[in-house]
Amino acid sequence: MLVALLPPMVGNSIIIGANDWLLANIGSYVYFIGLDFSVLALLRFTADYCDISYVGTKWRVVVTTIIALDILQLLLNPITGHAFMLRLTMVDETVYYQLVPLAGQYVHRVVAYGIFFVSVFIFAFKTFRVSRIYVEKYLVIFLSMVFVGLWETFYIFSGTPIDRSMIGFGVFGLLVFYFALYFKPMRLLDRMLARIVSGMNAAVFFFDTSRKCIYGNDTARDLVNLGQGDEIPENVSESVAKAIGGWGGAYKEEWHAVRHVFRDSREYYLDVLVQQIYDERNRYLGAAVSVRDITAEEQKLQREQFLANHDVLTGLFNQRHLYERARLLIDENPETQYEVVGIDIKDFKIINDIFSKEFGDHVLCVLADAMRSETQPGTVYGRLTGDKFGFVAPKGMYTADHLNALLDLKLYGDDLSNYPIVVHIGMFEATDRTLPISVMFDRAFMAINSIKHDYNRRVARYDEAMRDDLIWNQTISSQLDKAIRERQIRPYLQPMVDADGNVEGAEVLVRWIHPDEGFLSPARFIPVFENNGMVAQLDEYMWRCACEILRDWADRGIDLFLSVNISPKDFYFIDVFGVIKGLVDEYAIDPAKLRLEITETVMMTDLENRLRIIENLRSEGFLVEMDDFGSGYSSLNMLKDIPVDVLKIDMMFLYKTKDQSKAQTILQTIINLSGQLGIPSVTEGVETAEQLDMLVNMGCSLFQGYYFAKPMPVSEFEERFRAA
Ligand code: C2E
Ligand code: CA
Ligand code: CA
């Protein structure tokens with residue numbers, strides 16, 4: 001458009017300067033036609049500048065056609081003479097050619113003004129429509145267009161021979177040049193920044209060099225308890241300080257912190273940022289203070305951290321976090337000797353199964369509460385897994401009293417408050433501080449394992465002997481296969497005798513004649529194999545041995561039964577029914593000759609399935625004996641649920657106790673009960689004639705014990721008790 005402004009200006013100058021008719025004529029054509037191009041360019045510029053679609057529309061075709069027609073009629077003027085003519089005049093002694101407009105030029109004026117006014121109108125419209133920030137961008141051009149238009153019009157009507165309106169074209173051109181290409185409204189930037197800041201959800205204050213507040217946004221007003229319309233006082237920094245709990249690092253410095261404050265009995269986390277602002281030549285301008293409420297984020301973070309580090313049920317540290325804390329504690333206090341303590345609830349699985357998961361949870365929470373209240377500062381504690389808890393504390397911090405407080409759990413709840421929850425504690429002294437915490441706890445729990453089956457001990461310390469035990473356990477476990485193959489493991493028989501001294505059968509008891517260790521009692525290795533599941537392999541072998549013997553006896557006409565042991569763990573690892581049934585079929589023996597000894601713990605888990613297995617065995621003709629009856633805590637209760645053929649009364653009733661008569665009363669009651677239920681009873685552990693007498697009087701019909709014979713090799717048994 002700037003270029004298009006030149007021809008009319010040049011043409012006009014030629015007219016003014018020409019003293020020859022032809023030159024003035026040429027100037028006139030340049031002027032008129034140039035003006036046509038100028039308004040054409042102006043319209044295009046206007047559309048561009050004001051964001052109106054024009055190029056490529058039908059409007060452009062219309063406008064261009066009109067201009068083309070106008071140019072055409074102007075160019076016909078030398079032939080038709082209808083548009084204008086030049087008249088010679090004198091102004092201040094100088095000769096000028098003055099334009100005399102005729103019909104064609106009026107047409108030209110209508111075209112040029114028409115398009116011009118369209119542009120003016122567009123600018124006017126835009127000026128009123130845009131945001132105030134942008135007004136100057138349009139207003140300046142709009143006003144200069146009005147000005148140029150008036151100036152031009154003035155010349156048309158004044159009849160002055162010299163048209164100076166072209167100066168207006170030049171000024172207009174410069175204004176357009178500046179506003180279109182260089183103008184960037186600074187106030188626009190200010191406004192935009194201010195709008196963003198005022199709408200931010202962080203409180204923002206600006207302070208000038210003399211520390212007076214010059215600006216604060218809405219959130220800032222909130223922070224210092226001002227209403228939305230209120231002016232922010234210059235000395236607001238005191239209120240800000242109060243709101244954020246003091247200017248930690250003076251607010252005259254750069255400073256960033258998260259403050260934890262309480263206001264109106266609520267807690268807040270505030271992210272405070274103080275920035276000092278300098279201009280590009282490093283002159284101080286003032287300070288900006290922003291305060292962001294990050295309470296929600298912070299609380300969420302804390303919740304997540306808590307969940308990641310704590311056990312959901314008890315709220316104690318979880319295993320991973322306990323290990324981390326324990327590591328820190330031990331590493332950061334090289335002078336202190338530490339003890340790692342493991343806590344385990346005895347028979348927790350049974351508690352869960354017999355009562356309910358809810359009751360089990362309750363027990364865990366009670367233990368957790370006990371840990372919370374009984375542990376002292378300097379201790380880290382948590383829940384490791386399931387029913388295993390642990391803590392790490394300076395050596396000697398916990399006396400027997402403390403441990404007893406932990407050991408005696410008080411359960412709330414009417415019917416359960418008397419239920420004895422037994423807790424075992426294992427301790428490991430962390431003399432080797434470089435051991436992983438997990439290994440330290442493993443050792444504490446290894447100590448517990450050593451007393452798990454011992455009712456008299458609740459606290460055990462790890463010692464090297466335990467580690468030796470572990471190694472020993474691993475060694476014999478690795479030797480089981482070979483021991484079976486080489487018949488180091490073999491059955492011993494202990495007779496079961498009636499009241500008249502006749503042998504009716506025998507219990508099959510395992511013995512291991514070890515090449516290095518010598519004679520091993522099952523108490524040494526059965527618990528090891530029960531722990532690692534290998535007991536099933538051993539039992540299967542023992543049952544096979546029993547079937548072999550029964551087969552042999554049947555062939556030789558020896559009519560005795562054998563009683564084999566079934567470990568509760570067997571049910572986890574093998575199909576007890578399938579294996580036993582398979583064996584009697586294989587050896588073609590009478591199932592009634594094979595008695596099966598189970599303990600009541602078999603029934604502690606998976607009751608329904610196990611009941612089914614036992615029922616199946618009984619319906620196949622096997623006799624099921626309830627072993628160690630009376631040694632558990634719910635024996636009588638069990639009796640009504642479990643279908644058994646024989647009660648094998650635990651030998652503990654025969655041991656010497658403080659109150660012999662009480663034990664005898666119980667024994668008598670059990671024998672009576674079994675009689676009334678129609679279940680014959682066997683008493684094991686009979687060692688003296690008096691005991692036998694007593695039991696016979698009580699009505700017991702079958703006996704087993706050292707009084708008759710100790711367990712012995714099969715050949716010896718056959719020699720001594722061959723019934724035939
Ligand atoms: P249990 O089933 O209660 O076996 C009876 C235990 O009492 C046997 O010990 C036997 O030798 C012992 N005993 C017998 N009469 C007397 C007595 O008059 N006085 C005393 N003080 N003890 C007597 P043993 O053979 O050492 O077996 C211990 C336990 O090992 C058994 O207790 C049983 O639970 C387990 N066991 C033995 N053999 C096997 C087996 O083949 N498989 C499984 N799963 N467990 C077995
Ligand atoms: Ca037994
Ligand atoms: Ca027994």
Side-chain angles (χ1 to χ4, degrees), residues 453 480 483-484 487-497 503 505-514 519-549 561-574 576 579-580 583 594-602 623-632 635 644-657 670 681-692 694-695 700 702-714 716-717:
H453 307 282
L480 177 63
I484 289 177
R487 302 229 164 211
Q488 295 169 22
I489 287 181
R490 53 185 88 146
Y492 270 42
L493 302 181
Q494 186 179 32
M496 292 167 86
V497 180
V503 174
E507 180 175 2
V508 182
L509 294 158
V510 65
R511 295 292 180 265
W512 187 340
I513 321 295
H514 197 280
F519 185 91
L520 286 181
S521 115
R524 290 285 307 273
F525 55 87
I526 291 282
V528 177
F529 295 148
E530 283 194 323
N531 256 337
N532 62 21
M534 293 172 90
V535 71
Q537 190 188 342
L538 177 83
D539 275 352
E540 208 179 321
Y541 174 67
M542 291 308 289
W543 303 338
R544 178 173 286 279
C545 291
C547 290
E548 240 171 47
I549 299 167
F561 69 82
L562 285 180
S563 201
V564 293
N565 288 286
I566 300 180
S567 162
K569 295 293 166 70
D570 291 335
F571 292 88
Y572 288 100
F573 300 102
I574 53 172
V576 172
V579 170
I580 293 176
L583 283 169
L594 189 65
R595 295 190 179 188
L596 309 171
E597 297 194 1
I598 58 164
T599 56
E600 56 195 329
T601 41
V602 166
L623 283 186
V624 176
E625 296 181 349
M626 173 62 75
D627 200 359
D628 300 342
F629 186 79
S631 67
S635 304
V644 291
D645 303 290
V646 179
L647 272 196
K648 217 174 165 185
I649 300 167
D650 198 76
M651 55 183 98
M652 79 173 183
F653 291 111
L654 298 178
Y655 292 164
K656 293 246 172 300
T657 60
I670 293 175
S681 50
V682 181
T683 315
E684 54 183 341
V686 181
E687 294 183 345
T688 63
E690 296 84 65
Q691 288 174 341
L692 178 64
M694 180 184 79
L695 289 162
C700 189
L702 210 56
F703 312 89
Q704 181 185 347
Y706 293 171
Y707 176 70
F708 307 100
K710 288 193 170 183
M712 62 192 81
V714 180
E716 190 183 328
F717 179 88

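The first residue of the sequence shown is numbered 1, and numbering continues consecutively from there. What you see is a predicted model; the values in this text were computed from it and never measured. Counting convention: from 1, in listed order, for ligands and their atoms alike.
Within a 4.0 Å radius of atom 34 (O) of ligand 1, the protein contributes no non-hydrogen atoms. Atom 44 (N) of ligand 1 lies below 4.0 Å from at least one non-hydrogen atom of the protein. Remark: atom 5 (C) of ligand 1 lies closer than 4.0 Å to at least one protein heavy atom.
Residue contacts with ligand 1 for I526 involve side-chain atoms from C-beta outward but no N, CA, C or O (heavy atoms, distance under 4.0 Å). Contact annotation: for D628 versus ligand 1, heavy atoms closer than 4.0 Å belong to the side chain alone. For Q704, no heavy-atom contact with ligand 1 is shorter than 4.0 Å. At a heavy-atom cutoff of 4.0 Å, ligand 1 is contacted by both the backbone and the side chain of L509. At a heavy-atom cutoff of 4.0 Å, ligand 1 is contacted by the side chain of D627 but not by its backbone.
Here D627 reaches the Ca ion (ligand 2): one of its N/O/S atoms is less than 3.0 Å from the metal. Distances from the Ca ion (ligand 3) show that D650 has no N/O/S atom below 3.0 Å. At least one N/O/S atom of E507, whether from backbone or side chain, sits less than 3.0 Å from the Ca ion (ligand 2). Here S563 fails the criterion, with no N, O or S atom under 3.0 Å of the Ca ion (ligand 2). Note on E597: counted as a metal contact of the Ca ion (ligand 2), an N/O/S atom lying under 3.0 Å.
Between Y706 and ligand 1, at least one N/O pair is under 3.5 Å apart.
For atom 12 (C) of ligand 1, the closest heavy atom belonging to the protein is M651 CE, 4.0 Å. Among all non-hydrogen protein atoms, the one lying nearest atom 41 (O) of ligand 1 is M542 CG, 3.4 Å.
Counting the atoms of ligand 1 from 1 in the order shown, those under 4.0 Å from a heavy atom of S567 are 44 (N).
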